[in-house]
Structure formats: structure tokens, C-alpha cells
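Just so it is clear, the model here is predicted, and its values are computed rather than measured. One is the number of the first residue; the rest follow in order along the sequence.
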Amino acid sequence: MEARFDLNSSAIIASFRKRMVMAGKVIDDSPLPTTIYDLVKIRASQINGCSFCVDMHTKDAAHAGETSVRINLIAAWREANVFTEAERAALALTDEATRTADGGHVSDDTFDQVRKHYDDDQIAGLIAAIAMINAWNRLNAIAHTPAGDYVPGQWG
């Protein structure tokens with residue numbers, strides 16, 4: 001597969017991506033558990049059909065110790081028994097927030113489940129994480145960035 005647009009060839013996109021990476025550090029430094037952030041990145045990327053991000057985040061999660069069973073079941077998390085209630089709440093919020101572009105919404109029930117498992121700072125990190133990965137997904141999906149060659153940790 002060929003990219004529609006080489007994101008590495010534009011000074012404008014390079015500047016934009018640099019600022020996105022800097023914004024992402026806020027999430028990295030938040031009290032949101034890394035495992036939850038990994039699940040969010042993979043699930044939103046699956047929903048958005050961003051193969052580049054699915055490739056990157058599944059490899060990074062595996063490299064960090066996530067099991068292949070859990071990684072493989074993220075796409076079917078509602079029917080899987082390998083996720084905790086806290087993880088399920090984060091995945092539900094990710095699904096609903098990512099699908100708002102399709103006319104969906106974040107339900108009060110889902111947000112109530114999130115509130116049961118996370119404090120305000122973690123919720124803020126979760127909301128930021130969902131917004132950030134959706135932005136990255138759109139950037140790569142628009143450019144049609146090819147997937148498959150990512151090596152865990154290649155960007156630090």
C-alpha cells in the first residue's frame with residue numbers, strides 16, 4: 001500500500017505532529033494507568049480503521065507485556081471475559097466517544113461506570129487520551145499511512 005500523502009515530507013505536518021506529541025506528554029504524565037491508555041489507543045484505532053495506529057499500538061502493548069489474548073480480544077471486548085470492570089468502562093467510553101462522529105453519544109450510564117472506577121484526574125487523562133488517539137487516527141487515515149513496518153519504541 002502506498003501513502004496518499006507522506007506525512008514526513010511536510011514542514012506543516014511536522015510542526016503539527018510535534019505539538020501533538022507534546023500534548024500527548026500531558027496524558028503520559030497523568031495518573032491514567034498505562035494499560036488503560038494502551039487499550040484506548042488500540043480500540044479507537046480499530047474503530048477508525050487506522051491500520052498504522054493499530055499496528056503501532058498493538059506492538060507497543062505486546063512489548064510492554066500485554067498478552068496476545070487480551071490484545072486480540074479488544075475488538076470484541078464486550079463478549080470477552082479478560083477485561084476488568086474498570087477496563088470495560090474505559091473501553092465503553094472509548095467506543096461511544098469515538099463514534100460520536102457517526103451520530104452516537106456518550107451515555108450517562110457509560111460515564112457513571114467510568115466514575116465508579118476512576119478519579120477526576122484519571123477521567124481527565126482518559127478523555128484526553130480518547131481525543132488524542134482519534135486525532136492521530138484521522139491524520140494517518142487521511143494520509144493512508146501504510147502499516148506493518150513499525151518497530152516498538154522506534155520513536156522513543
Is a salt bridge present between [X] and [Y], judged by a nitrogen-to-oxygen distance below 4.0 Å?
{"X": "Asp55", "Y": "Lys59", "result": "yes"}
{"X": "Asp38", "Y": "Lys41", "result": "yes"}
{"X": "Lys116", "Y": "Glu85", "result": "no"}

Point to revise | Sole residue of Ile47, Asn48, Val106, Thr94 in side chain to side chain contact (heavy atoms under 4.5 Å, CB included) with Arg99 | key: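 The single option meeting the side chain to side chain contact (heavy atoms under 4.5 Å, CB included) with Arg99 is Ile47.
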**Study point:** Atom CG of Asp108 with >12 non-hydrogen neighbours under 6.0 angstrom
**Key:** no
To the nearest 0.5 Å, what is the distance between [atom1] on [X] and [atom2] on [Y]?
{"X": "Ser30", "Y": "Ile36", "atom1": "OG", "atom2": "CD1", "answer": "11.5 Å"}
{"X": "Arg115", "Y": "Gln122", "atom1": "CZ", "atom2": "CD", "answer": "11.5 Å"}
{"X": "Glu66", "Y": "Asn72", "atom1": "CD", "atom2": "CG", "answer": "10.5 Å"}

Exercise for review: For Thr84 and Arg88, test the side chains for any donor-to-acceptor distance below 3.5 angstrom and give the result as yes or no.
Suggested key: no
Study note, to complete from the structure: Smallest heavy-atom separation, Ala44 atom then Ile133 atom, equals CB-CG2, 3.5 Å
Exercise for review: Return the minimal non-hydrogen interatomic distance between Ser45 and Asn137, and the atom names on each side.
Suggested key: OG-ND2, 2.9 Å
Review point. Picking from Arg70, Arg78, Arg43, what satisfies salt bridge (Lys or Arg N to Asp or Glu O under 4.0 Å) with Glu87?
Key: Arg70
Practice item. May I have the step-by-step check of side-chain contact (heavy atoms from CB on, under 4.5 Å) for Leu126 and Tyr37, ending in yes or no? Key: CA-CA 7 Å; Leu126 183 57; Tyr37 193 16; over 6 Å; no
